[in-house]
Amino acid sequence: MINKAKILIVDDDALNRIILEKTLSDEHDVYLVTSGEDALAFVKHTQVDLIILDIMMPGMNGYEVLVQLKENSISQAIPIIFISANNRHEDEVKGLELGAMDYIGKPFSAAIVKVRVRNQLLIKQKNDLLEILVSIDGLTEIPNRRYLDENLEREWRRSKRNNSPLCVLLIDIDHFKRYNDYYGHRAGDECLKTVAKTLAAQCERGGDFVARYGGEEFVAVLPETNQQGAIVFANKLRNAVNDLNIEHNASLNATHVTISIGIASSESSQAYTEKALLEEADSGLYNAKKLGRNQISAQ
Ligand SMILES: Nc1nc2c(ncn2[C@@H]2O[C@H](COP(=O)(O)OP(=O)(O)OP(=O)(O)O)[C@@H](O)[C@H]2O)c(=O)[nH]1
């Protein structure tokens, strides 16, 4: 079963646009543009699930449009079906080699277009699900290290491009080895799950996220946030975990589970890479531990 999808049709021929719209609009939301240039502009502001792309058009041809769509991170994952009167084998091979998922010759049968669109949407749905599954940590069900690496790098590049501040927080549960030793590994897992969900739930601003970094460590990424904002957020995390009041009789700094947090800010940092920024957050964490735990420390 596929959900209603957003399909962009790119064709300079009015009759083709009308027939394709009529064919697909009972199952999907259909958008129409008449040139490659308009298609590239459209995907910048509207998220679409599939593009049906004519090849021979005045201005940019379909091949050129496809190459540009594949070069842009916003549009590179959108499946593209070529629809063209170029029915030579070489044209079809070229289209598929460039990255189109399917190629339909003109004149086309509406029934075939319908089925092929449905097939591509099913494949995309499965790929999207797979993408989510490989980005989620199995134990805590929050984003995993893989998700963190990919998204932190992207946010770092965005921050450099737009000259906007970026903060990262390295968060560690205090005396967690003692927790495991005292309450057992299974209780340790439950504690990790609760803390992870609590940390993730504090992210209210779009773009902010918390991921499991490994073991009992987590990382929060705060785009467009300066150090002052990051300190406010870090205290919110620390308070939220304190408020859980999870008993920790083996802790050496409290009678409940607490966290320590190191903060690094791109504005005050000398870091040239996002990894170096994380290392600075690690130094902050080391300080917070040294200062007695259940604290934050900004670099
Ligand atoms: N239950 C459970 N424990 C884990 C998991 N991943 C890591 N740990 C445990 O987390 C503990 C981390 O211990 P340490 O790095 O020594 O740090 P700590 O005991 O928290 O001490 P401080 O960080 O200095 O406050 C180790 O005992 C790991 O075995 C997990 O998935 N489940």
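These numbers were taken from a predicted model, which means no experiment stands behind them. As the structure lists them, so they are numbered: ligands from 1, and atoms in each ligand from 1. Just so you know, residue 1 is the first one in the sequence shown, and it goes up from there.
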- For Y63, is the NZ or CZ atom of K94 found under 6.0 angstrom from the centre of its six-membered ring and inside 45 degrees of the ring axis? yes
- Identify, for atom 22 (P) of ligand 1, the protein heavy atom at the shortest distance, and state residue, atom and that distance. K289 NZ, 3.4 Å
- Item | Nearest non-hydrogen protein atom, atom 7 (C) of ligand 1 | G215 CA, 3.4 Å
- Query: Among K290, E216, H185, which one has a heavy atom closest to atom 17 (O) of ligand 1?
  - Reply: E216
- Item | Distance filter under 4.0 Å to G188 heavy atoms, resulting ligand 1 atoms | 1 (N)
- Is there a donor in the side chain of E153 and an acceptor in the side chain of N151, or the other way round, less than 3.5 Å apart? no
- Whether over 12 other heavy atoms sit under 6.0 Å from K236 NZ: yes
- Note on the structure: At under 4.0 Å between heavy atoms, what of R186 touches ligand 1? The answer is neither
- Query: With distance as the sole criterion, is a donor-acceptor pair present between the side chains of T140 and D137 under 3.5 Å?
  - Reply: yes
- Note on the structure: D172 heavy atoms within 4.0 Å reach ligand 1 at atoms 20 (O), 23 (O)
- Task: Verify the neighbour count for atom NZ of K290: are there more than 12 heavy atoms of other residues, nucleotides or ligands below 6.0 Å?
- Result: no
- Given side chains that start at C-beta, do those of Q227 and S268 come closer than 4.5 Å, heavy atoms only? yes
- Query: Just which atoms of ligand 1 are under 4.0 Å from any heavy atom in R293?
  - Reply: 22 (P), 24 (O), 25 (O)
- Message: Does Q270, at its CD atom, have more than 12 non-hydrogen atoms belonging to other residues, nucleotides or ligands within less than 6.0 Å?
- Response: no
- Note on the structure: Test side-chain hydrogen bond (donor to acceptor under 3.5 Å, both in side chains), reference K106, set D54, N86, N87, output is D54
- Message: Polar contacts were defined as any N/O atom of the residue lying under 3.5 Å from an N/O atom of the ligand; does this apply to F176 and ligand 1?
- Response: yes
- Per-atom contacts of ligand 1 with L192, taking only distances under 4.0 Å to non-hydrogen atoms: 2 (C), 5 (C), 30 (C), 31 (O), 32 (N)
- Heavy atom under 4.0 Å from ligand 1: found in D189's side chain, backbone, both, or neither? both
- Message: For the 3.5 Å polar cut-off, considering only N or O atoms, please tell me whether L139 and ligand 1 meet it.
- Response: no
- Given D174 and T258, is the side-chain hydrogen bond (donor to acceptor under 3.5 Å, both in side chains) satisfied, shown in steps? CA-CA 6 Å; D174 297 321; T258 59; 2.6 Å; yes
- Message: When you measure from the heavy atoms of R212 to every atom of ligand 1, does any distance fall below 4.0 Å?
- Response: yes
- Query: In terms of residue, atom name and distance, what is the protein heavy atom nearest to atom 28 (C) of ligand 1?
  - Reply: N180 ND2, 4.2 Å
- Which of the atoms of ligand 1 are close to K177, meaning less than 4.0 Å from one of its heavy atoms? 11 (C), 13 (O), 18 (P), 19 (O), 20 (O), 27 (O)
